[in-house]
Amino acid sequence: MKKHNFNPGPAILPDYTYEKSIEAIKDFNNSGLSILSISHRSKDFDAVMDKAVTTTKQLLDIPEGYSVIFLGGGATTQFFTIPYNFLGKKAAYLDTGTWALGGIKEAKLYGEVDVVASSKDKNYSYIPRNYTIPTDADYFEICSNNTIEGTEILEDYDSPVPLIADMSSDIFSRPVDVSKYVMIFGGAQKNFAPAGVTIVIIKDSFLDHVVRPVPTMCDYKVHIEKNSMKNTPPVFPIYAALMTMEWIVDSGGVKEMEKRAIARSDKVYAEIERNKLFAPNVSDPADRSRMNITFNLLPEYKELEGAFVDFTKERGLVGIKGHRSVGGFRASCYNALPMESVDALIAAMKDFEKKI
Ligand code: PMP
């Protein structure tokens, strides 16, 4: 049976990435060796790393004065590495859910944390607006796409202090004005790579703001100087990341990814709204994630939750069950998800409605 992969991460990648990865695992660049078994210091891998950096810069139109590095440790490692480097006295954070809180918790280890606003009062089902960012904060950190709750910040904020964004689950899904940020980071295992690599885009001048001596592996300057090879980098995930980036370039870039994301999510939200059984988790369309579409059964149909998950599974739809912390359903629609999968989900929603 054909599977439709709505997994929240690790998640669907383009067939191009799978095919090129298989080739490289068998024989990388006609070297007679597998990508899994070559030195990260080889000329061939150097070229992969360089191309991954330049393609990231190309895709996001990154201005001069920024560096791109590929690290291990996941986005979660960035949650403490950022305050370790940059939180002297106080940092500002926007509390939009589980992953934003991940950063907040770690920052508290290093200084004062001003949570400028929170959407906790409504189970993180909206993006807070109209708050004040303290001008004496060392930086302001946001999570642009809340993978679990299904909200997304779709604009590049003007911040009076250096702006940092966790873009783990929406990077490369829309054009971004990188100049508005001093740092963008993300685990790659949603929109562009298998698990194991974390992308960090950082404004070089922000590195003058490091507030304490940092251990080598937390030192962005070291990673930049060593071209992400201070130690052994995640070689294969970086290769696969590059393949996905090439696929994005060939498909028309992040503008095209955005067009597709809008088309997919508009269709799914429209069906959620139309269907008598379901309601969106996020009521304001302006706050709805294009990547992680969260929805619920209306209270009168709540007991059908398990039945709907089973119904989708029987049709080859994978990953529709919502995160255990929020329940309900979540359809993750990352860059590589074909419209055919969206249509299969919508058909399942319609057919389930007919059965009731
Ligand atoms: N931030 C966001 C927005 C995420 O979705 C995730 C993973 N689900 C993380 C951070 C944590 O990423 P990692 O597992 O790479 O540490």
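In this chain, residues are counted from 1 in sequence order. In each ligand, atom 1 is the first atom listed, and ligand 1 is the first ligand listed. Remember, predicted model here, so these are calculated numbers, not experimental data.
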Between Y124 and T151, what is the shortest heavy-atom contact and its length? O-CG2, 3.6 Å
What class does the angle between the rings of F28 and Y239 fall in, given that below 30° is parallel, 30 to 60° is tilted and above 60° is perpendicular? perpendicular
Protein neighbours of ligand 1 with a heavy atom under 4.0 Å, given by chain and number, are G74, A75, T76, F79, W99, C143, N145, T147, D166, S168, S169, G187, Q189, K190
K302/E305 ion pair, N-O < 4.0 Å: yes
Y93 ring center near Y139 ring center (under 6.0 Å): yes
Tell me which pairs pass salt bridge (charged side-chain N to carboxylate O under 4.0 Å, His left out) where either residue lies in residues 121-144, with sequence neighbours left out. K90-D136, R129-D287
Distance alone, cut at 3.5 Å: any donor-acceptor contact between the side chains of N145 and S289? yes
